[in-house]
Amino acid sequence: MTMTAELSHVARMADRAAGFQPSPVRAVFDVSMQPGMISLAGGNPYLAALPMEKIAAMVGDVVAARGLDALQYGSGAGTEELAELICRVMELEGISASPENVQITAGSQMGLELVTKLFCNPGDVVIAEGPTYVGALGVFEGFQAEVAHVAMDEDGVVPETLQATISALKAAGKTIKFFYTIPNFNNPSGISLSLERRQQVVDICRAEGVAIVEDNPYGLLSFDGDLKPALHTLDPDNVFYLGSFSKIFAPGLRTGWVVAPKEVRGRLQIASEATTICPSVLSQMVVEQYITGFDWRGQIDTFSAVYAARCHATLAALAEHMPEGTHWTTPTGGFFTWVTLPEGCDTDQVLAVAIEAGVVFVPGSAFYADGGGRNQLRIAFSYAPADQLAEGVKRLAEAIKAALGQAS
Ligand code: PMP
């Protein structure tokens with residue numbers, strides 16, 4: 001009886017729900033929890049690097065001193081104080097924005113959802129790097145937007161390919177709404193867009209009338225201190241910028257933001273109010289305390305040093321254990337490296353063997369909307385300690401060798 005009712009509910013769902021899939025990252029979450037399993041899958045920040053007692057005191061102070069506001073509904077745009085501070089944070093990447101261009105959201109995931117909701121009709125095209133963030137693909141799917149990927153090399157998206165893709169889509173009569181890009185320490189590839197290409201990409205999009213959505217949660221987590229100017233600095237009127245405190249502070253606060261020209265920001269607020277009424281005032285006030293009363297830039301250095309050491313351990317283990325014909329990226333920041341196996345080696349199949357061997361990762365096909373990435377995989381080095389990363393890579397290499405028929 002219950003079964004029949006459930007089936008008919010599914011049949012009645014809107015077209016936009018047809019493509020809803022569990023996230024491939026969350027799908028391996030339960031497996032990651034098995035005893036003895038090493039996870040190279042989830043890109044969780046290493047929160048143990050935060051001084052929890054100080055953070056606890058900060059939260060307590062906010063409630064004690066400002067509880068009547070912190071626990072109340074607030075402005076749909078977010079607090080003015082935090083919008084001001086966000087502008088200061090963004091100055092580190094050269095952005096000069098004013099608080100009235102800032103819409104605060106429950107994480108940058110929500111920012112992307114709002115932008116897509118505002119711009120995409122079913123059948124519109126979003127251009128994205130190949131590979132791209134799996135959570136972004138989920139958003140585009142939810143609004144029935146089509147995704148056209150543009151290939152990257154070690155310097156990021158290739159401008160000529162971007163141009164050719166735009167031209168081909170237009171020739172096919174498609175409506176392109178925006179180019180979604182993660183220019184710094186891309187999730188999942190770890191690749192950053194070179195300085196020279198930033199201007200080219202911005203110029204192409206401006207000339208073609210395609211907006212840019214710049215998703216930048218990892219930009220400040222540079223291993224060598226090199227911070228490239230945000231695309232937003234090059235064309236503020238055509239770039240919608242997504243920022244987040246998830247990686248430079250803590251994802252549990254669910255606090256991110258969108259920077260957009262005034263007429264877009266106003267509509268984002270209306271869309272945001274329809275979803276959450278207002279971003280959590282408590283979270284915003286805790287973030288305000290964090291930025292004004294704590295050495296947050298020192299904390300970014302602490303986080304970056306942890307991730308740099310873990311990245312180093314991962315790359316060393318890859319060099320030691322991976323079979324011939326395997327390649328990987330060399331990130332200079334962020335959480336991820338991207339591994340390409342010999343042609344024909346299917347990482348969905350490798351995953352089953354790897355889980356048996358006690359290691360889990362996310363197969364490359366998760367990061368493409370078009371079935372690409374089959375011989376690729378993502379390794380997250382942000383969460384597991386260096387010795388576990390090394391052991392995990394060793395187990396992974398054995399699983400790959402088994403798939404290639406080279407088991408030792
Ligand atoms: N964009 C990218 C590229 C990400 O990697 C993530 C988180 N993994 C997000 C957006 C969402 O982050 P937030 O916690 O700010 O919603």
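FYI, side chains are in, hydrogens and waters are out, and symmetry mates aren't considered; it's all heavy atoms of this structure. Start at 1 and go down the list; that is how both ligands and their atoms are numbered.
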> What residues, two or more places apart in sequence or in another chain, satisfy salt bridge (Lys or Arg N to Asp or Glu O under 4.0 Å) together with R206?
Replying inline: D235
>> Can you work out which protein residues put a heavy atom within less than 4.0 Å of ligand 1?
In response: G107, S108, Q109, Y133, I182, N187, D215, P217, Y218, S244, S246, K247, R254
>> Quick test of your reading: applying salt bridge (Lys or Arg N to Asp or Glu O under 4.0 Å), list the pairs with at least one residue in residues 265-289, sequence neighbours left out, ordered by first then second residue.
In response: R66-E288
>> Please confirm whether the ring centroid of F336 lies under 6.0 Å from the ring centroid of Y133.
In response: no
>> Please evaluate residues L50 and Y290 with respect to the criterion side chain to side chain contact (heavy atoms under 4.5 Å, CB included), reporting the C-alpha separation (whole Å), side-chain torsions for both, the decisive distance (0.1 Å), and the verdict.
In response: CA-CA 11 Å; L50 281 171; Y290 185 73; 3.8 Å; yes
>> Strictly by side-chain hydrogen bond (donor to acceptor under 3.5 Å, both in side chains), give each pair with a member in residues 136-149 just once, sequence neighbours left out.
In response: E146-K174
> Do D215 and Y180 have side-chain atoms, one donor and one acceptor, less than 3.5 Å apart?
Replying inline: yes
